[in-house]
Amino acid sequence: MDVQKRYFSRELLIWYRANRRDLPWRRHSNPYYTWVSEIMLQQTRVETVKPYFERFISKFPTVEALADAPEEEVLKAWEGLGYYSRARNLQTAAKEVKTQYGGQVPDDKAKVSALKGIGPYTSGAIMSIAFNRPEPAVDGNVMRVLSRYFRLHDDIAKPATRAHMEHLAQELIPEGCASDFNQALMELGALVCTPKSPACLLCPVMEHCAGRLAGEELVLPVKTKAKPPKPELRYAALIEGTGEHAGKVLVRQRPATGLLAKMWELPHLLVPKQAGLFGMNEAEAMDVLRGGLLAEGIDAVPTARWVDAEHTFSHIHWQMRVFRCELRELMELKDKERTVYQWTGLEEMEHLAFPNLFLRMLKDYFQ
DNA sequence: AAGCCGGGGCT
DNA sequence: AGCCCAGGCTT
């Protein structure tokens with residue numbers, strides 16, 4: 001192995017051992033903790049994950065506790081984190097680990113990889129961090145670091161590039177130090193070799209960083225851009241209860257698959273784009289909403305605009321206009337057309353999982 | 001290979 | 001306000 005590689009592995013390990021962050025999932029060595037943290041850390045920052053991880057582990061301290069929990073509780077514990085299929089896959093996998101492996105995460109790459117929600121990165125992370133096995137764990141941080149240090153111009157959005165990086169990353173693991181080294185690589189990407197303004201002067205491997213020496217630290221890694229999200233206009237209804245439902249709001253549960261699966265929301269409809277409806281006036285908009293609600297068995301009259309809200313997913317941009325509505329009549333709502341409706345106040349919300357968009361609107365309404 | 005899945009931080 | 005970040009699954 002050449003000097004540049006040896007130097008990298010040695011210096012990075014030394015740096016990490018002096019600079020590793022004290023994180024909740026690093027306080028004890030427990031494969032279940034490693035697993036939960038790695039799933040939460042997919043697409044999510046450390047600072048965001050910390051409080052979720054603490055709450056999640058106190059609610060579900062073991063694989064078995066997670067396997068045996070009601071699904072709604074798991075989803076509720078994930079509320080606000082996003083990518084909710086992660087939570088459902090994690091529980092599915094926990095049931096598998098409970099029944100097939102006696103509740104112990106197996107020290108076996110093939111078995112770990114076969115679990116729901118665990119792909120090449122996460123299996124590598126679990127095998128290396130929890131069991132100190134010399135497996136690569138190549139995430140976005142690692143690809144950025146390696147692209148820069150070795151001055152690789154391959155597009156990191158391409159699967160073939162990831163395969164190359166995995167080979168390189170495995171080669172770099174110092175004998176017997178897979179756990180620390182893989183964490184060191186990711187730690188460097190998170191703290192020093194950051195996407196926007198890398199702190200090269202603080203970097204333990206700056207001297208042999210080919211990207212930096214070529215003055216290319218800001219153009220690396222090369223990555224094709226994602227398509228912009230598709231805009232969607234939606235009209236939503238804030239239907240306030242009366243009588244026995246006074247002080248509550250009508251909410252519904254989303255279908256079991258697809259976007260925001262099984263999460264709760266305000267009733268709303270997608271405004272068809274054809275008729276140039278983006279420029280619809282208020283009265284027309286309320287008419288459209290009234291018709292949409294009626295079609296679901298809700299006889300409610302929109303009375304006034306309440307708030308506008310925007311929310312961007314990776315591929316869709318929601319522009320939502322919320323109207324206050326007066327309820328005239330409610331048909332049999334429970335399980336109607338397989339859609340579950342419920343009146344909710346702050347108390348009921350404790351048990352229903354909402355995406356952040358609606359969570360914020362409802363908290364705002366109730367406070 | 002491309003599209004589907006949330007949410008937040010930085011400038 | 002607009003840009004960027006990013007694993008795994010499904011098609």
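Chain letters run A, B, ... following the sequence lines, proteins first and then strands; every chain starts at 1. In this text the structure is predicted, and so the values were computed from the model without any measurement.
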Colleague: Using the P atom as the point on both nucleotides, what is the distance between dT11(B) and dA6(C), in whole Å?
Modeller: 15 Å

Colleague: Work out how far the P atom of dC5(C) is from that of dC5(B), and round it to whole angstrom.
Modeller: 23 Å

Colleague: Residues from residues 40-58 of chain A sitting under 4.0 Å of DNA chain C, heavy atoms only?
Modeller: Gln42(A), Gln43(A)

Colleague: Taking only N and O in the side chain of His311(A), is any of them less than 4.0 Å away from OP1 or OP2 of dG6(B)?
Modeller: no

Colleague: Work out which heavy atom in Cys325(A) is nearest to a heavy atom in Leu293(A); give both atom names and the distance.
Modeller: SG-CD1, 4.3 Å

Colleague: Grab the CD-P distance between Gln319(A) and dA1(C) for me, whole Å please.
Modeller: 12 Å

Colleague: Identify which nucleotide among dG7(B), dA6(C), dC5(B) has an atom closest to any side-chain atom of Asn356(A), counting heavy atoms from C-beta outward.
Modeller: dG7(B)

Colleague: Go through the steps to decide whether Arg144(A) and Asn141(A) satisfy the test side-chain hydrogen bond (donor to acceptor under 3.5 Å, both in side chains), and finish with yes or no.
Modeller: CA-CA 5 Å; Arg144(A) 186 172 58 253; Asn141(A) 284 313; 2.6 Å; yes

Colleague: Does the ring centre of Trp318(A) sit less than 6.0 Å away from the ring centre of His311(A)?
Modeller: no

Colleague: Considering every strand and a 4.0 Å limit on heavy-atom distances, what is the contact class for Lys223(A): base, sugar-phosphate, or nothing?
Modeller: base

Colleague: Using atom P in both nucleotides, what's the gap between dT11(C) and dG6(B) to the nearest angstrom?
Modeller: 15 Å

Colleague: Could you check which of dC4(C), dG6(B), dA1(B) has an atom nearest any side-chain atom of Pro159(A)?
Modeller: dA1(B)

Colleague: Distance check needed: dG2(C) P versus Lys225(A) NZ, whole Å only.
Modeller: 17 Å

Colleague: Which is more 5' along DNA chain B, the nucleotide nearest Phe354(A) or the one nearest Lys227(A)? Just name the residue.
Modeller: Lys227(A)

Colleague: State which of dG6(B), dC5(C), dC5(B) makes the closest approach to the side chain of His315(A).
Modeller: dC5(B)

Colleague: At 4.0 Å (heavy atoms only), tell me whether Arg88(A) reaches a base, stays on the sugar-phosphate, or touches nothing.
Modeller: nothing

Colleague: Contacts to DNA chain C from residues 116-126 of chain A, heavy-atom cutoff under 4.0 Å, which residues?
Modeller: Lys116(A), Gly117(A), Ile118(A), Gly119(A), Pro120(A), Tyr121(A), Thr122(A)

Colleague: Give Leu260(A) one of three labels, base, sugar-phosphate or nothing, depending on what nucleic acid heavy atoms sit under 4.0 Å from its own.
Modeller: sugar-phosphate

Colleague: Mind checking whether Phe358(A) and His268(A) have ring centres under 6.0 Å apart?
Modeller: yes

Colleague: Give Ser314(A) one of three labels, base, sugar-phosphate or nothing, depending on what nucleic acid heavy atoms sit under 4.0 Å from its own.
Modeller: base

Colleague: Would Phe53(A) and Trp25(A) count as a close aromatic pair, with their ring centres under 6.0 Å?
Modeller: yes

Colleague: Using a cut-off of less than 4.0 Å, is there contact between a side-chain N or O of Tyr83(A) and OP1 or OP2 of dC4(B)?
Modeller: no

Colleague: For Tyr52(A), does the six-membered ring have the charged nitrogen or CZ of Arg55(A) within the cation-pi criterion, i.e. under 6.0 angstrom from the centroid and within 45° of the normal?
Modeller: yes

Colleague: Does the side chain of Arg86(A) get closer than 4.0 angstrom to OP1 or OP2 of dG6(B) through an N or O atom?
Modeller: no

Colleague: Check the surroundings of atom CD in Glu348(A): do more than 12 heavy atoms from other residues, nucleotides or ligands lie under 6.0 Å from it?
Modeller: yes

Colleague: Between Tyr83(A) and Trp78(A), is the ring centre distance below 6.0 Å?
Modeller: no

Colleague: Mapping Pro195(A) and Ser113(A) onto DNA chain C by nearest heavy atom, which one lands closer to the 5' end?
Modeller: Pro195(A)

Colleague: Pick the closest DNA chain C nucleotide for Asp139(A) and for Lys196(A) by heavy atoms, then say which residue is nearer the 5' end.
Modeller: Lys196(A)

Colleague: Could you state the atom-to-atom distance from CZ of Arg162(A) to P of dC9(C) in whole Å?
Modeller: 12 Å

Colleague: For His167(A), does the NE2 atom sit with more than 12 other heavy atoms under 6.0 Å from it, leaving out its own atoms?
Modeller: no

Colleague: Taking only side-chain nitrogens and oxygens of Arg360(A), does any of them come within less than 4.0 Å of OP1 or OP2 of dG8(B)?
Modeller: yes

Colleague: Is it the case that the side chain of Arg148(A) and the backbone of Glu217(A) share a donor-acceptor pair, with hydrogens and angles ignored and the cut-off at 3.5 Å?
Modeller: yes

